[in-house]
Amino acid sequence: MRVIGLISGTSVDGIDAALVELDGQGYDLTVSLVEGLAYPYPDELRRQILALCAGEAIALDQLAALDDAVAQTFAAAAQALLAQAGPADLIASHGQTVFHRPVGRPARPDQGPAQLAYTLQLGRGVAIAQQTNLPTVSNFRQADIEAGGEGAPLAPIVDLCLLSHPTERRCVQNLGGIGNVAYLPPWNRQGSAPKVLGWDTGPANSLIDIAVHSLSAGALTYDVDGAWAAQGVPCLPLISRWLEHPYFTQPPPKSTGRELFGWDFFNRCRQDAQEEGLAPQDLVATLTEFTAASVAHEYRTFLPALPDRLLVCGGGSQNPVLMACLQAQLPEIVVQTTDAVGVSANYKEAIAFAVLGYWYRQGFPGNLPTVTGASRSVVLGQGHNIALPR
Ligand SMILES: Nc1ncnc2c1ncn2[C@@H]1O[C@H](COP(=O)(O)OP(=O)(O)OP(=O)(O)O)[C@@H](O)[C@H]1O
Ligand SMILES: CC(=O)N[C@H]1[C@@H]2OC[C@@H](O2)[C@@H](O)[C@@H]1O[C@H](C)C(=O)O
């Protein structure tokens, strides 16, 4: 079956679309990327999404219009990919995250039940199905949240299928707007699946992007190839201070978003940097080192053991300075991109949602309770124009 996976993540840089050829059942899968495409948002749409993410008030009719505009753009991304790579049987669309509130755990058991997580992705699946005339699966995070989970991260189960190794312990680290890890014990695919761990490690590119956008007076949206960071000197005392944030002492399962590592966090960083007399490049270098340091801190604090190999994906894997910082923070581990083992670092997340959409069709559960904290395994997604096998 040919499935198109679509996602726009917390960087809001545009839609990643992957046409994937899939075969097999459950974990026993063959997955091959036919073609990937990055479809940028129109500037005005991106501005509106970022404003909503930053907490700007919006009327409900405007929210409905924005939801449909995002869906239209997702459908256009799918159509561009279809024109380039040929037909598909199914679309699996993650949509655009604009809000994420993790599970609220009470400090003591007698303080009542946990507050369910809340997550909102724009770009409703039914509108994508209508425009493309293809069956579409969307709303992947909801069923996990209903089972008491964080609703994120969801990719680790797919990482297990695509990137685990018979003898090596591996970590897969996504560096999107937010960072998330999947810890994959060795697995020879004979016996039952091993216990995979995973959680959001904190910021990835979100703070670097905001810094570069703000310090370049809107001329740049990200630190292309780490050029600014390479010219600056990281301020180590600030990194230690920022790592005191309570997120970095909270044990997994945990998830986060731009609500925590967005504008407010950046404004605090900028103020600290001003007090230390840092130049703009030094601030970007410090945020880049901080991002790598937060990943290493999370591994050393919460993993049962460091992995033999760290495979990095997402846009941050294209930033050589961030990759060098990560390697320097974790000298005992081989750090590479997922490309080194044959999985596209740019499209891995879009591929993951294609797999989750395929599993929805099979009725195969797509969440990992060990990762999200859900009480049970559940089938993820909501189908539009889909007849399911009985
Ligand atoms: N050549 C590059 N140099 C530096 N940074 C880059 C480069 N290419 C991409 N990036 C960074 O990667 C980001 C986009 O990453 P990606 O598309 O993986 O994020 P996302 O999917 O939106 O986020 P998330 O995984 O958190 O949902 C850009 O905003 C930019 O910061
Ligand atoms: C709510 C939401 O969209 N979370 C994203 C975000 O981006 C990275 C990290 O935070 C991860 O938890 C998740 O995305 C990936 C694709 C996931 O669910 O695995």
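Start at 1 and go down the list; that is how both ligands and their atoms are numbered.
Heavy-atom proximity to H100, at under 4.0 Å, picks out these atoms of ligand 2: 1 (C). Those atoms of ligand 2 that come under 4.0 Å of a heavy atom in A152, given as number and element, are 12 (O). Counting atoms of ligand 2 from 1 in the listed order, those under 4.0 Å from a heavy atom of L154 are 17 (C), 18 (O), 19 (O). Listed by number with element, the atoms of ligand 2 under 4.0 angstrom from any heavy atom of A155 are 17 (C), 19 (O).
Between I208 and ligand 1 there is no heavy-atom distance shorter than 4.0 Å.
At the top of the distance list for atom 24 (P) of ligand 1, counting protein heavy atoms only, stands T10 OG1, 3.3 Å. Of all protein heavy atoms, the one lying nearest to atom 7 (C) of ligand 1 is Y222 CE1, 3.4 Å.
Among the atoms of G315, some N or O lies under 3.5 angstrom from an N or O of ligand 1. At under 3.5 Å, not a single nitrogen or oxygen of V224, backbone or side chain, sits near a nitrogen or oxygen of ligand 1. Among the atoms of N174, some N or O lies under 3.5 angstrom from an N or O of ligand 1. Checked by distance only, ligand 1 and D225 come closer than 3.5 Å through their nitrogen or oxygen atoms.
Among I91, I386, I128, the single residue meeting the side chain to side chain contact (heavy atoms under 4.5 Å, CB included) criterion with L134 is I91.
For atom 22 (O) of ligand 1, the nearest non-hydrogen atom from the set P153, S11, G177 comes from S11. Comparing heavy-atom distances from atom 14 (O) of ligand 2 across E150, H94, R141 singles out R141 as nearest. Compare D223, L322, V321 by their heavy atoms: the one nearest to atom 4 (C) of ligand 1 is in D223. Of the options D200, I157, N180, the smallest heavy-atom separation from atom 12 (O) of ligand 2 is shown by D200. Of the options N346, D13, D209, I210, the smallest heavy-atom separation from atom 29 (O) of ligand 1 is shown by D209.
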